[in-house]
Amino acid sequence: MRSPIASVTTTIHIPTKSNVPLPHNGINIYFHPRAAALFPPFMGAVEPVVDEENGEKETKMRDEEERDVEKGEMDSQQRGFQSQPPPPPAETGGENFHMSRMQRLSATNPLRLVMNAGTRVASPSPYNAPAPAQHRQHRSFPNPFHHRHPPAPVPAPSQHRPYPVPEPVTAPSQHQPSPAPSQTRSTPAVTPQPSVITLNSRSYTNKFSLFLFLVHMIGAIGLVCFLVFKGIQGLLEAGEAQRKEKRLLKFFLPQVEVASLLSITLAFTWQKAMRMWPTFMVHFVLWGSFIFTLAAGILLICFQRPSTDGVGVVLIMFAIGNGLYSCWVTPRIKFCTKILIKSLEPVTKFGDLNRPTYLTLAAGFLWMSMWILAVIGAINFYFPPLVIIGLVLSMAWVTEVMRNVVNLTVSRVIGLYYLRGMQSSTQFCFQRALSVNLGSACLGSLFVPTIEVLRVVARALNLLEGEDEFMFCCAHCGLKIMDSIFKRGNGWAYVQIATYGKSFVKASQDTWELFEKREMETIVDSDMTSAICFLTGVCSGSICVIVIGAWTFTVYPNFTATLSLLSAYVGYLLTRIAMALPHACVSSYYVCYAENPDNKPFDKTIQDRLNLIKTNRDVIVPTPRSVPSRFAR
């Protein structure tokens, strides 16, 4: 078959009225008078009149071209010509130049080739680039009248347009990279987002500590039941043991039960007052704990018994330290009050948020009653002092776990509200704290109080000045060690444990890294919330000492010192369980702010405080965190 290009000659005979040849780029073109109506530059022509032997082939190729256009697939050479905006219509003989008719011509049409020979082609736009070779359905023929090299092809998107819209040529720096042929322009590259499945992680955290706590609880329950049995056995047998047991049941058990009920009542009173009047309660707790502790110590000394005098001196010394601390932290009170007020605002949105506290305190009261009976029964067992010390330590761990279960429950409810705007079910969060996150609560309850006490001691030693460089170098070394341990185990970890289901050590490290990233370590390190909750327990314990000590001295003076210490212990432990709610709210506020300070519930309180500290316009109580320069080597 003969190629369509073979029929094109350098002279196209199209008769006109005068049959005058019109030169165009070295080619003689003759136009028919009927072409003048549509192509003014060449006296007008809708379609060129070609040789009859090529007419049938030309018509067939034009139909194929039109079908290709309908499919959205254009020839690369034709796309190159269409990439430049069409010239404005010229007026010749009162007729408009119909460029759309020219676009319908085949790429091998002689008139199209003549027009293209004199047309300057702009650089193709990346959005009008030729289609890949595998999408082309017809061959493209070279231009016999144009010997310039075509522009380099640019990869085109798979989305084709039947009539591409010309776009202006922009600067090279503004060109965007063209998408790959296998991608569509409407589908952007998918960026992996962090999964939120971890919010409902069912993996148990710190399984080994959970196993230890369960073993401890099995042993503690077994020991308590055995000691209660021994107490009943001694009560039924006649002798010295029976007289001791009756005396304990008459003058020991009622006082402890009253101390438990009184401490629970005080706990809810402090918590309610803290939520209603936070500004007043911060000042009241700081100075009330000093007054109540001092009064309890003076009362015990007034009993003029050796045992009560010793306990009274200890309480007075603690009261003096409490008063010094209250004076020392006075500059922090204003900021602490602001954070406390702001962090307690979401509590009103959850009506049942205090229900875990009620259930935990009820369980604590029942366990405390069984525990007291076990202490009475330990008198009829071997090594009563060691058994009682073991029961005291067991009670401390159990009540601390109860407090942290409430802490985890509230931290999850408030944390998800801050981070996701969710109103979580308090019951579901309480179940997670008792199951999935219980191991972390057990581990934190075992180590956090110890770490906090040792850290306070190390800081107190570093506040002292002296000439013995060896002693103070050891103190600074101990402080550095305690700070390093604190970063791997601190009370701030409970928020991320409850929210994301992390282990205790991992949550502690991630939380402290967030504080360092936001430069908040100075603020959180000087936070008073934990101290306020601790001193609230001291207030309850001191009140219990005053009430129970006076009552016991009246009915049976020999038990005054013992019951005073025990009532203070019981009052402190049960009050701390109730105060876990405001403590968890403040912790959630700090940790969630460090994670995303742009969330809607947060204001500029922390950021303003940071700005004032950085510009030395706010006074912050210095806390020893590093070795002074005179001890550095």
Side-chain angles (χ1 to χ4, degrees), residues 191-206 271 274-275 278 338-360 403-441 444 491-504 506-508 510-511 513-515 517-518 520 524 529 578-607:
T191 303
Q193 299 293 334
S195 176
V196 296
I197 299 178
T198 55
L199 294 178
N200 292 322
S201 174
R202 298 183 181 274
S203 176
Y204 282 75
T205 58
N206 300 106
Q271 189 204 92
M274 189 72 70
R275 292 164 54 186
K338 289 182 179 179
I339 294 297
L340 185 60
I341 294 173
K342 188 66 178 178
S343 61
L344 290 175
E345 289 179 358
V347 176
T348 57
K349 301 179 183 296
F350 304 93
D352 59 345
L353 191 59
N354 233 353
R355 186 176 300 172
T357 307
Y358 301 149
L359 297 176
T360 306
R403 183 179 75 88
N404 286 327
V405 166
V406 178
N407 193 342
L408 288 170
T409 304
V410 179
S411 296
R412 180 172 176 84
V413 174
I414 302 299
L416 292 181
Y417 171 77
Y418 282 141
L419 296 176
R420 301 290 188 269
M422 300 167 53
Q423 290 198 355
S424 304
S425 170
T426 305
Q427 180 180 358
F428 176 75
C429 297
F430 186 49
Q431 293 173 355
R432 281 182 59 89
L434 287 174
S435 57
V436 176
N437 299 326
L438 185 59
S440 298
W492 303 101
Y494 293 115
V495 179
Q496 291 212 2
I497 292 171
T499 306
Y500 299 112
K502 297 181 180 179
S503 64
F504 178 75
K506 177 64 175 175
S508 300
D510 293 347
T511 303
E513 288 177 359
L514 285 175
F515 290 153
K517 178 182 177 181
R518 303 291 180 186
M520 292 174 54
V524 299
T529 307
M579 293 305 296
L581 188 145
H583 190 194
C585 291
V586 175
S587 299
S588 300
Y589 189 88
Y590 276 116
V591 176
C592 295
Y593 178 87
E595 184 170 346
N596 189 359
D598 297 328
N599 276 351
K600 185 178 179 180
F602 303 124
D603 56 6
K604 299 298 182 180
T605 303
I606 296 179
Q607 187 60 44

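Here the side chains of Val436 and Ser203 are not in contact, with every heavy-atom distance at 4.5 Å or above. For the pair Phe602/Cys592, a side-chain contact is recorded, criterion being any heavy-atom separation below 4.5 Å from C-beta on. Put simply, the side chain of Val410 does not reach to within 4.5 Å of the side chain of His583, judged on heavy atoms. Residues Thr426 and Pro356 are in side-chain contact: their nearest non-hydrogen atoms beyond the backbone lie under 4.5 Å apart.
Within the 3.5 Å criterion, the main-chain N or O of Ala580 finds no donor-acceptor partner in the side chain of Arg403.
Under the side chain to side chain donor-acceptor pair (under 3.5 Å) criterion, Ser343 pairs with no residue at all, not counting sequence neighbours. Listed by chain and residue number, Trp492 satisfy the ring pair (Phe, Tyr, Trp, His ring centres under 6.0 Å) test with Tyr590 (two or more places apart in sequence, or in another chain). In this structure Lys338 satisfies the salt bridge (charged side-chain N to carboxylate O under 4.0 Å, His left out) test with no other residue, sequence neighbours excluded.
Asn354 and Thr357 share a side-chain donor-acceptor pair at under 3.5 Å. Residues Ser503 and Asn206 have side chains that never bring a donor and an acceptor to within less than 3.5 angstrom of each other.
For the residue pair Phe504 and Ala493, the shortest heavy atom distance occurs at O-CB, 3.9 Å. Between Asn404 and Ala441 the shortest heavy-atom distance is ND2-O, 3.8 Å.
Leu353 contributes atom CG, which lies 8.5 Å from atom OG1 of Thr409 (distance to the nearest 0.5 angstrom).
Counting heavy-atom neighbours within 6.0 Å of Gln427 CD, excluding the residue itself, gives a total of 12 or less.
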